Amino acid sequence: MRAFGSLAVGAAGAAAALHAGPALAAVGPLRRLTMRQLAGVGARDHVALTFDDGPDPTSTPRFLSLLAEHGVRATFFMLGMMAVEARELVGEIAAAGHEVAVHGWEHRMLLKRPPRATVDDITRAHDLLAELTGAAPRWYRPPNGVLTGGALLAARRLGMTPVLWTAWGCDWTNRATATSIRTHVERQLRGGGTVLLHDSDRTSAPGSWHATLASVPPLLDRIGELGLRAGPLREHGLAA
């Protein structure tokens, strides 16, 4: 009985490790040093510009207009629960040359969800975005940047590559300003990096997207000053 109990405990521990082990990728410095593909480290002359949590009919069109003015395309990691309410907007984003990627159906911490529910969540979002754009999404980013075994399994089955980020603007808080967002990003800005911002306040402080929007032009200027190009992940030199 003692041996059987030890085996059961060992099996449970192994299952827990498979489920939660990938969450270590959420540790930024560790990720950038040892998991460069996952961190979104790509071509040295390029910066991948990515936006999470949309599409939002109120805010996302403002980002699209701004990016069009600057001649820049980006990757939008979308929530299925947002996309299903803004189907035409998803098509407009893709038609404008931006890249549509998967952020899941709901924005929930995956460590609190069983693997089967995680697989269903990601698959549902993937299939909807593929239907709305006519192309299967290539990239997946988990909510909060926390991966699990179930998320990795789903991404692999669906032919998607998980990508997190190397720089973020901390733009989801009610204290964020255009200046603070730019400062946060520029501290971490390097050639080959991936920048995380949000085009929606769906899971952020209400109205926080206004500060993010205002931060984009000076960030694009800074990227240009460094002799770098800004664009979507498909131009970033990552292996999909």
Side-chain angles (χ1 to χ4, degrees), residues 22 25-26 31 35 37-43 46-56 59-60 63-64 67 72-87 89-108 110 118-119 121-148 151-169 171-172 193-200 202-204 212 216 230-240:
R31 178 172 75 240
M35 296 173 271
Q37 167 86 9
L38 179 59
V41 178
H46 189 264
V47 173
L49 184 61
T50 71
F51 295 91
D52 285 10
D53 291 0
D56 188 307
S59 56
T60 302
F63 285 86
L64 297 180
L67 293 171
V72 173
R73 295 184 176 90
T75 299
F76 288 82
F77 283 92
M78 298 185 181
L79 293 170
M81 63 182 291
M82 299 290 285
V84 75
E85 300 295 334
R87 292 170 175 264
L89 181 54
V90 175
E92 291 172 11
I93 292 169
H98 300 289
E99 194 169 35
V100 173
V102 176
H103 200 32
W105 189 270
E106 297 181 314
H107 198 284
R108 294 179 58 184
L110 297 186
T118 296
V119 171
D121 177 278
I122 296 169
T123 302
R124 187 181 179 193
H126 170 278
D127 291 351
L128 173 66
L129 295 177
E131 173 192 338
L132 295 178
T133 64
R138 297 172 60 188
W139 315 107
Y140 167 68
R141 176 176 289 159
N144 306 113
V146 178
L147 281 165
T148 62
L152 289 173
L153 174 64
R156 187 176 299 114
R157 285 181 175 176
L158 295 166
M160 294 191 295
T161 299
V163 179
L164 301 182
W165 59 86
T166 63
W168 62 6
D171 58 340
W172 57 87
T194 293
V195 175
L196 162 64
L197 297 171
H198 296 80
D199 63 305
S200 165
R202 180 65 179 82
T203 65
S204 304
T212 304
V216 173
L233 282 167
R234 65 168 175 260
E235 299 174 1
H236 201 45
L238 298 179

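All figures in this text were calculated on a predicted structure; none of them were measured in a lab.
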Asks: Any side-chain heavy-atom pair from L128 and M78 closer than 4.5 angstrom?
Replies: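 Answer no - side chains too far apart.
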Asks: Looking at residues at least two apart in the chain, or sitting in another chain, which of them share a ring pair (Phe, Tyr, Trp, His ring centres under 6.0 Å) with F76?
Replies: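 Applying ring pair (Phe, Tyr, Trp, His ring centres under 6.0 Å) to F76 gives F51, H98.
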Asks: Kindly write out the residues that satisfy ring pair (Phe, Tyr, Trp, His ring centres under 6.0 Å) with H236, not counting sequence neighbours, or none if the list is empty.
Replies: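 H236 satisfies ring pair (Phe, Tyr, Trp, His ring centres under 6.0 Å) with H46 only.
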Asks: To check you understand the geometry: which heavy-atom pair defines the closest contact between V72 and A230, and what is its length?
Replies: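 That would be CG1-O, 4.0 Å.
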Asks: Who pairs with R108 by salt bridge (charged side-chain N to carboxylate O under 4.0 Å, His left out), at least two apart in sequence or on another chain?
Replies: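 Only E106 meet the salt bridge (charged side-chain N to carboxylate O under 4.0 Å, His left out) criterion with R108.
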Asks: Indicate the atoms forming the closest heavy-atom contact of A101 with P137, along with that distance.
Replies: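 For A101 versus P137, the nearest heavy atoms are CA-CB, 4.3 Å.
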Asks: Might you point out which heavy atoms bring V146 and P142 nearest each other, and give the distance in Å?
Replies: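 The answer is O-CB, 3.4 Å.
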Asks: May I ask you to decide if the ring planes of H103 and H107 are parallel, tilted or perpendicular, using 30° and 60° as cut-offs?
Replies: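 The rings of H103 and H107 stand perpendicular, inter-plane angle above 60°.
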Asks: For the residue pair A136 and A130, what are the closest heavy atoms and their distance?
Replies: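 Minimum heavy-atom contact is CA-CB, 4.1 Å.
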Asks: Suppose we screen for side chain to side chain donor-acceptor pair (under 3.5 Å). Which residues come up paired with T133, at least two apart in sequence or across chains?
Replies: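 Partners of T133 by the side chain to side chain donor-acceptor pair (under 3.5 Å) criterion come out as none, since no residue qualifies.
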Asks: With rounding to the nearest 0.5 Å, note down the distance linking CG in L158 to CG in D127.
Replies: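 Output value for this atom pair is 6.5 Å.
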Asks: Would a 4.5 Å heavy-atom cut-off, applied to side chains only, mark V100 and L132 as touching?
Replies: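 No - every pair of side-chain heavy atoms lies 4.5 Å or more apart.
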Asks: Using ring pair (Phe, Tyr, Trp, His ring centres under 6.0 Å) as the criterion, list what pairs up with W105, not counting sequence neighbours.
Replies: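 In terms of ring pair (Phe, Tyr, Trp, His ring centres under 6.0 Å), with neighbours along the sequence ignored, W105 is linked to no residue.
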Asks: Out of curiosity, H198 NE2 to T60 OG1, how far, rounded to the nearest 0.5 Å?
Replies: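 Those atoms lie 12.0 Å apart.
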Asks: Between A83 and V90, what is the shortest heavy-atom contact and its length?
Replies: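 Of all heavy-atom pairs spanning A83 and V90, the closest is CB-CG2, 3.8 Å.
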Asks: Using side chain to side chain donor-acceptor pair (under 3.5 Å) as the criterion, list what pairs up with H126, not counting sequence neighbours.
Replies: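 Applying side chain to side chain donor-acceptor pair (under 3.5 Å) to H126 gives none.
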Asks: State, with a plain yes or no, whether a side-chain heavy atom of T194 is found less than 4.5 Å away from one of L164.
Replies: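 A side-chain contact is absent here, since even the closest heavy-atom pair is not under 4.5 Å.
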Asks: Which value, rounded to the nearest 0.5 Å, describes the distance between D171 atom CG and L197 atom CG?
Replies: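 If we round to the nearest 0.5 Å, D171:CG and L197:CG are 5.0 Å apart.
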Asks: List in chain and number order the residues that pass side chain to side chain donor-acceptor pair (under 3.5 Å) with T75, two or more places apart in sequence or in another chain; answer none if no residue qualifies.
Replies: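 Expected list: E99.
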Asks: Return the set of residues passing side chain to side chain donor-acceptor pair (under 3.5 Å) with T50 (not counting sequence neighbours), or none when no residue passes.
Replies: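 Expected list: R141.
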Asks: Does atom CZ of R202 have more than 12 heavy-atom neighbours from other groups under 6.0 Å away?
Replies: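 Counting other residues, nucleotides and ligands, CZ of R202 stays at 12 neighbours or fewer.
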Asks: Within this structure, what is the CH2-CG distance for the pair W172 and D52, rounded to the nearest 0.5 Å?
Replies: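 Here the rounded value is 10.0 Å.
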Asks: Applying side-chain hydrogen bond (donor to acceptor under 3.5 Å, both in side chains) to D199 and S59, what does each step give before you reach the verdict?
Replies: CA-CA 6 Å; D199 63 305; S59 56; 5.4 Å; no
Asks: Which residues pass the salt bridge (charged side-chain N to carboxylate O under 4.0 Å, His left out) test with D121, sequence neighbours left out?
Replies: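 Once residues adjacent in sequence are excluded, the partners of D121 under the salt bridge (charged side-chain N to carboxylate O under 4.0 Å, His left out) criterion are R113.
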Asks: Answer whether the closest heavy-atom distance between the side chains of M82 and D53 falls below 4.5 Å.
Replies: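 A side-chain contact is absent here, since even the closest heavy-atom pair is not under 4.5 Å.
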Asks: Are the side chains of T148 and T118 in touch, meaning some heavy atoms are under 4.5 Å apart?
Replies: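 Side-chain contact under 4.5 Å: yes.
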Asks: Quick test of your reading: applying salt bridge (Lys or Arg N to Asp or Glu O under 4.0 Å), list the pairs with at least one residue in residues 73-83, sequence neighbours left out, ordered by first then second residue.
Replies: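 Sorted result for residues 73-83: empty, none.
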Asks: When rounded to the nearest 0.5 angstrom, what distance separates CG in L49 from CG in L196?
Replies: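 Interatomic distance, L49 CG to L196 CG, rounded to 0.5 Å: 10.0 Å.
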Asks: What pairs meet the salt bridge (Lys or Arg N to Asp or Glu O under 4.0 Å) rule with one or both residues in residues 74-87, with sequence neighbours excluded?
Replies: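 Listed once each, the pairs are R87-E131.
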Asks: Can you tell me how far CG of L38 sits from CG of L147, rounded to the nearest 0.5 angstrom?
Replies: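 Separation between the atoms: 6.0 Å.
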Asks: Work out which heavy atom in Y140 is nearest to a heavy atom in G104; give both atom names and the distance.
Replies: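 Y140 and G104 have their closest heavy atoms at CE1-N, 4.2 Å.
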